A.B. asks: 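Mind looking over this structure? Questions follow.
Numbering starts at 1 and runs along the sequence shown. Here the structure is a predicted model, which is why all the values come from computation and not from measurement.
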Amino acid sequence: MEGDAGEITRIERQKSGLPRYNIHIDGTYRFSVHEDVLVRFALSKGMKVDREEIGRILAGEEQNKVRQSALRYLGYRPRTVREVELYLTAKGYERDPIRQVITEMKNQGFLDDRQFAEAWVEERRGRKGYGILALKRELERKGIPPEIAEDVLSRVDEEEERKLARETAEKRYRRLAGEPWPKVERRLGQYLLRRGFEPSLVYGLLHEFRMRHGEEERG
């Protein structure tokens, strides 16, 4: 960065309307920074800067770009740490600023995998009626650490899980009740397993519905 050291002789806001500023050193434009970086490093006209200081400013500018990108991504809906990491990597940012921004966002509460997992489980059980196994697969795909996923899912009440499975089975059975039992058993069982309910729970429900189906056929 030879020749970059010198005195800031001009700071001008860009005409784009964005909060960005062009920095001139010794009368020559050298780089631009976001307003946050301008304030963070207290950049001002007449300020002396050497190569090391310019390096820190540019590193801060890169980190700010990563932060702004992450905030926009989080603005659509909550994300996991892994999702944000993959998104920023795909955008072409370097590993170190990504790590710094993720650490910062975790400390500030913008990223919280446990909170995400708790909200995800509640929403998916309520809206989709998914069982524990399906939720476990989803949390894994979202990049939630196994220990967090297991802890959150361990809090699901067993009786509530049975109730949800029975309600889900009942809705599906109504659409299949007129079919021969082997067909009902196959389709109902596969459906409940796909919804993420434990096999032992599914088999127990199939036994109940087999008896019910038989009574309905006998009139």
Side-chain angles (χ1 to χ4, degrees), residues 1-124 135 137-149 151-152:
M1 300 179 67
E2 185 176 355
D4 282 341
E7 178 181 321
I8 296 178
T9 53
R10 185 181 180 188
I11 298 177
E12 60 178 354
R13 181 159 184 162
Q14 294 183 352
K15 296 179 181 179
S16 63
L18 298 174
R20 297 194 60 80
Y21 293 80
N22 295 329
I23 307 300
H24 296 252
I25 297 176
D26 293 337
T28 303
Y29 167 78
R30 292 301 173 85
F31 53 85
S32 68
V33 297
H34 189 276
E35 187 173 61
D36 292 346
V37 177
L38 187 79
V39 173
R40 175 185 170 188
F41 289 91
L43 302 182
S44 61
K45 184 178 178 180
M47 179 179 178
K48 301 289 186 179
V49 289
D50 58 21
R51 287 185 298 172
E52 289 184 2
E53 180 66 11
I54 291 174
R56 286 192 291 271
I57 293 169
L58 294 178
E61 169 63 16
E62 180 66 12
Q63 186 173 337
N64 186 72
K65 288 180 180 178
V66 176
R67 184 186 303 109
Q68 295 299 324
S69 185
L71 287 173
R72 285 193 295 271
Y73 186 55
L74 288 168
Y76 295 105
R77 63 175 177 81
R79 312 280 183 175
T80 66
V81 170
R82 183 60 177 160
E83 285 179 318
V84 173
E85 182 180 26
L86 290 174
Y87 174 78
L88 295 174
T89 299
K91 296 287 283 186
Y93 295 117
E94 296 295 328
R95 189 177 186 85
D96 284 345
I98 290 176
R99 284 180 172 178
Q100 292 167 357
V101 167
I102 285 179
T103 297
E104 175 185 298
M105 289 188 157
K106 287 168 69 175
N107 292 337
Q108 294 175 343
F110 287 110
L111 285 174
D112 188 327
D113 277 353
R114 180 175 296 278
Q115 187 177 76
F116 179 96
E118 291 171 349
W120 184 267
V121 167
E122 181 178 357
E123 192 272 340
R124 299 296 273 182
L135 292 169
R137 291 192 295 268
E138 289 192 340
L139 292 177
E140 182 179 346
R141 286 196 296 269
K142 290 287 182 181
I144 297 293
E147 62 274 14
I148 293 179
D151 183 54
V152 170

A.B. asks: Hey, is the main chain of Leu135 close enough, under 3.5 Å, to the side chain of Arg124 for a donor-acceptor pair?
C.D. replies: no
A.B. asks: Measuring from Glu62:CD to Ile57:CD1, what's the distance to the nearest 0.5 Å?
C.D. replies: 14.5 Å
A.B. asks: What heavy-atom pair brings Ile144 and Ala149 nearest, and what distance separates the two atoms?
C.D. replies: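 Scanning both residues, the minimum pair turns out to be CG2-N, 3.9 Å.
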A.B. asks: Quick one: are Gln100 and Glu104 in side-chain contact, heavy atoms under 4.5 Å?
C.D. replies: no
A.B. asks: Tell me which pairs pass ring pair (Phe, Tyr, Trp, His ring centres under 6.0 Å) where either residue lies in residues 40-62, with sequence neighbours left out.
C.D. replies: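 For residues 40-62: none.
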A.B. asks: Test Glu138 against Val121 for side-chain contact (heavy atoms from CB on, under 4.5 Å), laying out the working first.
C.D. replies: CA-CA 9 Å; Glu138 289 192 340; Val121 167; over 6 Å; no
A.B. asks: Just how far is it from atom CD1 of Ile102 to atom CZ of Arg99, taken to the nearest 0.5 Å?
C.D. replies: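 Nearest 0.5 Å value for the CD1-CZ distance: 9.5 Å.
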A.B. asks: Please check: side-chain N/O of Thr80 versus main-chain N/O of Gly143, any donor-acceptor pairing under 3.5 Å?
C.D. replies: no
A.B. asks: One pair to check against side-chain contact (heavy atoms from CB on, under 4.5 Å): Lys142 and Glu140. What are the steps and the verdict?
C.D. replies: CA-CA 5 Å; Lys142 290 287 182 181; Glu140 182 179 346; over 6 Å; no
A.B. asks: Might you point out which heavy atoms bring Gly46 and Glu7 nearest each other, and give the distance in Å?
C.D. replies: CA-OE2, 3.6 Å
A.B. asks: Could you check if a side-chain atom of Thr9 sits within less than 4.5 angstrom of a side-chain atom of Ile25, using non-hydrogen atoms only?
C.D. replies: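 Answer no - side chains too far apart.
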A.B. asks: So which atom in Ala117 and which in Ile148 form the shortest heavy-atom distance, rounded to 0.1 Å?
C.D. replies: CB-CG2, 4.4 Å
A.B. asks: Around Glu94, counting heavy atoms of other residues, nucleotides and ligands shown, do more than 12 lie under 6.0 Å from its CD?
C.D. replies: no
A.B. asks: Starting from the C-alpha separation in whole Å, work towards a yes-or-no answer on side-chain contact (heavy atoms from CB on, under 4.5 Å) for Arg30 and Ile54.
C.D. replies: CA-CA 10 Å; Arg30 292 301 173 85; Ile54 291 174; 5.8 Å; no
A.B. asks: Test salt bridge (charged side-chain N to carboxylate O under 4.0 Å, His left out) on Arg82 and Glu85 and set out the steps.
C.D. replies: CA-CA 5 Å; Arg82 183 60 177 160; Glu85 182 180 26; 3.0 Å; yes
A.B. asks: Show your working on side-chain contact (heavy atoms from CB on, under 4.5 Å) between His34 and Asp36 and close with a plain yes or no.
C.D. replies: CA-CA 5 Å; His34 189 276; Asp36 292 346; 3.4 Å; yes
A.B. asks: So how far is it from Ile98 CD1 to Lys91 NZ, rounded to the nearest 0.5 Å?
C.D. replies: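 Reported value, rounded in 0.5 Å steps: 11.5 Å.
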A.B. asks: Which heavy atom of Val84 sits nearest a heavy atom of Arg79, and at what distance?
C.D. replies: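 The pair with the smallest heavy-atom distance is CG2-CB, 3.8 Å.
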A.B. asks: Are Glu53 and Lys48 packed together at the side-chain level, in the sense that at least one heavy-atom pair is separated by less than 4.5 angstrom?
C.D. replies: no
A.B. asks: What is the distance from atom CD of Glu12 to atom OH of Tyr21, rounded to the nearest 0.5 Å?
C.D. replies: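 Spacing of CD (Glu12) from OH (Tyr21) equals 11.0 Å.
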A.B. asks: Evaluate the side-chain proximity of Tyr87 to Ser69: yes if any heavy-atom separation is below 4.5 Å, no if none is.
C.D. replies: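 Yes; the side chains approach each other to less than 4.5 Å.
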A.B. asks: What closest approach, in Å, do Gln63 and Pro97 show between heavy atoms, and which atom pair accounts for it?
C.D. replies: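 It is CA-CB, 4.3 Å.
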A.B. asks: Answer whether the closest heavy-atom distance between the side chains of Phe116 and Leu111 falls below 4.5 Å.
C.D. replies: no
A.B. asks: If you look only at pairs with a residue in residues 90-112, which of them pass as a ring pair (Phe, Tyr, Trp, His ring centres under 6.0 Å), with sequence neighbours excluded?
C.D. replies: none
A.B. asks: Considering only heavy atoms from C-beta outward, does the side chain of His24 approach that of Ile8 to under 4.5 Å?
C.D. replies: no
A.B. asks: Are the side chains of Val33 and Glu61 in touch, meaning some heavy atoms are under 4.5 Å apart?
C.D. replies: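 When only atoms from C-beta onward are counted, Glu61 and Val33 do touch, with a gap below 4.5 Å.
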A.B. asks: Check whether more than 12 heavy atoms from other residues, nucleotides or ligands sit under 6.0 Å from atom CD of Gln68, and answer yes or no.
C.D. replies: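 Yes - once you tally the heavy atoms of other residues, nucleotides and ligands closer than 6.0 Å, there are more than 12.
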A.B. asks: How many angstroms lie between OG1 in Thr103 and CD in Gln108, if you round to the nearest 0.5 Å?
C.D. replies: 11.0 Å
A.B. asks: Does Gly60 offer a backbone N or O that forms a donor-acceptor pair with the side chain of Asn64 under 3.5 Å?
C.D. replies: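 No; judged by distance alone, with no hydrogens or angles, the pair does not exist.
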A.B. asks: Is there a side-chain contact between Arg13 and Pro19, using heavy atoms and a 4.5 Å cut-off?
C.D. replies: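 Yes, side chains in contact.
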A.B. asks: Going by the side-chain hydrogen bond (donor to acceptor under 3.5 Å, both in side chains) test, which pairs reach into residues 109-119, not counting sequence neighbours?
C.D. replies: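 Non-adjacent pairs meeting side-chain hydrogen bond (donor to acceptor under 3.5 Å, both in side chains): Arg114-Asp151, Glu118-Arg155.
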A.B. asks: Taking atom CD1 of Ile23 and atom CG of Leu43, what is their separation to the nearest 0.5 Å?
C.D. replies: 5.5 Å
